[in-house]
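Report on one structure; see the data block that follows.
These values consider heavy atoms only, across backbone and side chains, with no hydrogens, waters or symmetry-generated copies. In what follows, every chain begins at residue 1, and chains take the letters A, B, ... in the order their sequences are listed.
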There are 2 protein chains.
Amino acid sequence: MSGAGGDPVAYHVSKMTDSVKSATRKPGKRERLVTAATRVLHEQGVEKTTLADIAQAAEIPVGNVYYYFKTKDQLIEAAIGAHAQHLHTMTAILEQHAATPQDRLKALVQGWVDQRDLTVSYGCPTGTLCSELGKRADGLDRVAAGVMGLLIDWVERRFAEMGRADSRELAVALVAAYQGISLLTNTFRDPELMTAEGRRLTRWIDSLA
Amino acid sequence: MSGAGGDPVAYHVSKMTDSVKSATRKPGKRERLVTAATRVLHEQGVEKTTLADIAQAAEIPVGNVYYYFKTKDQLIEAAIGAHAQHLHTMTAILEQHAATPQDRLKALVQGWVDQRDLTVSYGCPTGTLCSELGKRADGLDRVAAGVMGLLIDWVERRFAEMGRADSRELAVALVAAYQGISLLTNTFRDPELMTAEGRRLTRWIDSLA
DNA sequence: GTCTATACGTTGATAGAC
DNA sequence: GTCTATCAACGTATAGAC
């Protein structure tokens with residue numbers, strides 16, 4: 001890991017601490033930087049994206065980035081933290097709008113299908129992140145893996161609630177199916193691949209109930 | 001696309017042509033370069049790999065690379081061609097060692113499981129390539145997609161031989177499952193994920209027979 | 001054909017003015 | 001806190017000696 005604010009959760013805490021320390025601080029800049037980074041890193045990939053790309057998207061001068069983040073890796077880490085936050089929000093909504101474990105899982109799948117156009121263009125945000133960072137061994141790879149773990153854990157809990165003893169294996173299989181079809185949807189630029197696999201997975205979930 | 005020798009097949013043809021043109025040519029250098037590129041690009045990823053990395057792995061001076069390839073992209077293209085060649089060889093062996101479509105598909109799955117240690121370290125060679133190049137729109141992305149297409153086509157033919165009308169969808173699902181579990185196996189550095197999914201897929205193929 | 005030297009742009013990061 | 005100017009290192013690619 002590369003310094004303080006090492007994990008996605010700690011990032012938000014340290015941000016709050018800073019806000020308390022100086023009341024004059026504009027919270028907009030840092031947040032804009034992270035939001036821009038999240039989007040641009042997804043669109044261009046981690047290794048190909050420069051700080052200039054992110055700074056431009058956030059409408060912030062390049063050199064100024066270093067006031068908010070000591071290194072490029074720390075900015076990437078914050079962007080991964082934003083993914084974790086987004087995932088948390090999404091699963092909370094799923095739990096609110098669907099009652100049974102099966103319905104929640106099927107709603108998750110439907111969400112994937114609804115996102116298919118973004119997947120066609122850039123692949124799954126978490127998946128492409130893990131794919132690139134998986135070739136590293138500097139700590140950032142573990143941070144990305146953490147987000148993927150959160151997703152699998154959530155799915156596993158739903159299968160467990162359905163009374164499945166093999167809930168972990170089923171969760172891994174469902175997320176793997178999504179990651180795989182995301183890759184193919186992006187590779188062949190064909191949203192219909194995601195739609196068709198969504199139908200298959202929905203039937204599969206029903207068959208397990 | 002970035003010039004002559006635009007597709008994986010044409011590469012091998014142009015190589016042959018060159019060999020005919022000058023009998024004194026050492027075929028070792030170019031081939032070593034492509035072999036090294038194939039390995040290093042898989043290990044480090046496309047965007048992070050420099051020509052110096054590849055040249056060093058091939059034990060060739062950096063500047064000399066440009067005698068064999070006009071640009072870095074053309075070397076990458078040749079490496080993708082090597083993947084296509086390898087895939088062709090592999091499927092030929094599968095057809096030789098297994099008789100029925102089911103057995104051939106199960107042998108394919110077993111091959112994936114046997115490769116799990118490499119997947120733990122660097123992910124699926126074709127998959128990580130497609131993931132990175134999928135963010136481009138310069139032609140190389142289509143070349144990588146071509147290799148993935150070869151694999152799906154081969155699988156589809158086996159399902160068709162089994163009499164399945166939905167052979168294309170099944171082929172996409174099987175390859176997606178492999179790509180997805182490859183990503184997770186690499187993300188969590190856990191070969192057991194691949195082993196377990198291999199068992200699941202083998203049972204699934206049997207259930208379709 | 002093979003290799004060395006080097007040009008030229010870009011990148012992450014720093015120093016310091018305001 | 002914000003921004004500009006700039007550095008040092010590295011990347012691709014070229015020129016040209018042998």
For B/Gln56, I'd like to know if atom CD has over 12 heavy atoms of other residues, nucleotides or ligands within 6.0 Å. no

On DNA chain C, check which nucleotide each of A/Lys48 and A/Lys70 is closest to and give me the residue with the more 5' one. A/Lys48

A/Leu51 CG to D/dC7 P, straight-line distance once rounded to whole Å: 19 Å

Do the charged groups of A/Arg200 and B/Asp166 touch, with an N to O distance under 4.0 Å? no

B/Glu47 CD to D/dG11 P, in whole Å, measures 13 Å

Starting at CD of B/Gln44 and ending at P of D/dG11, how long is that distance when rounded to a whole Å? 10 Å

Please report, rounded to the nearest Å, how far the C1' atom of C/dC3 is from the CD1 atom of B/Ile60. 11 Å

Would you mind reading off the distance between B/Tyr66 atom OH and D/dG16 atom C1', rounded to a whole angstrom? 17 Å

Without decimals, in angstroms, what is the distance between A/Lys72 NZ and C/dT14 P? 15 Å

Verify the contact: side-chain N or O of B/Asn64 to OP1 or OP2 of C/dT2, cut-off strictly under 4.0 Å; return yes or no. no

How do B/Val62 and A/Ala52 order along DNA chain C: which one's closest nucleotide is nearer the 5' end? B/Val62

Has B/Gln179 got a side-chain atom pairing as donor or acceptor with A/Ile181's backbone, closer than 3.5 angstrom? no

Using whole Å, what does the distance between atom P of nucleotide C/dT11 and atom CG of A/Asp73 come to? 16 Å

Looking at C/dT4, C/dA13, D/dT2, which one has an atom nearest to any side-chain atom of A/Lys29? D/dT2

Nearest to side-chain heavy atoms of B/Thr50, which nucleotide of C/dC3, D/dC3, D/dG11: D/dG11

Is the terminal nitrogen or CZ of B/Arg158 (NZ for Lys, CZ for Arg) located under 6.0 angstrom from the six-membered ring centre of B/Trp154 and within 45° of that ring's axis? yes

What is the distance, rounded to the nearest whole Å, between atom CD1 of A/Ile54 and atom P of C/dT11? 12 Å

Out of C/dT2, C/dG12, D/dT2, minimum distance to the side chain of A/Tyr67 belongs to D/dT2

Test salt bridge (charged side-chain N to carboxylate O under 4.0 Å, His left out) on B/Asp73 and B/Arg136; report intermediate values, then the result. CA-CA 12 Å; B/Asp73 277 10; B/Arg136 292 196 188 187; 3.3 Å; yes

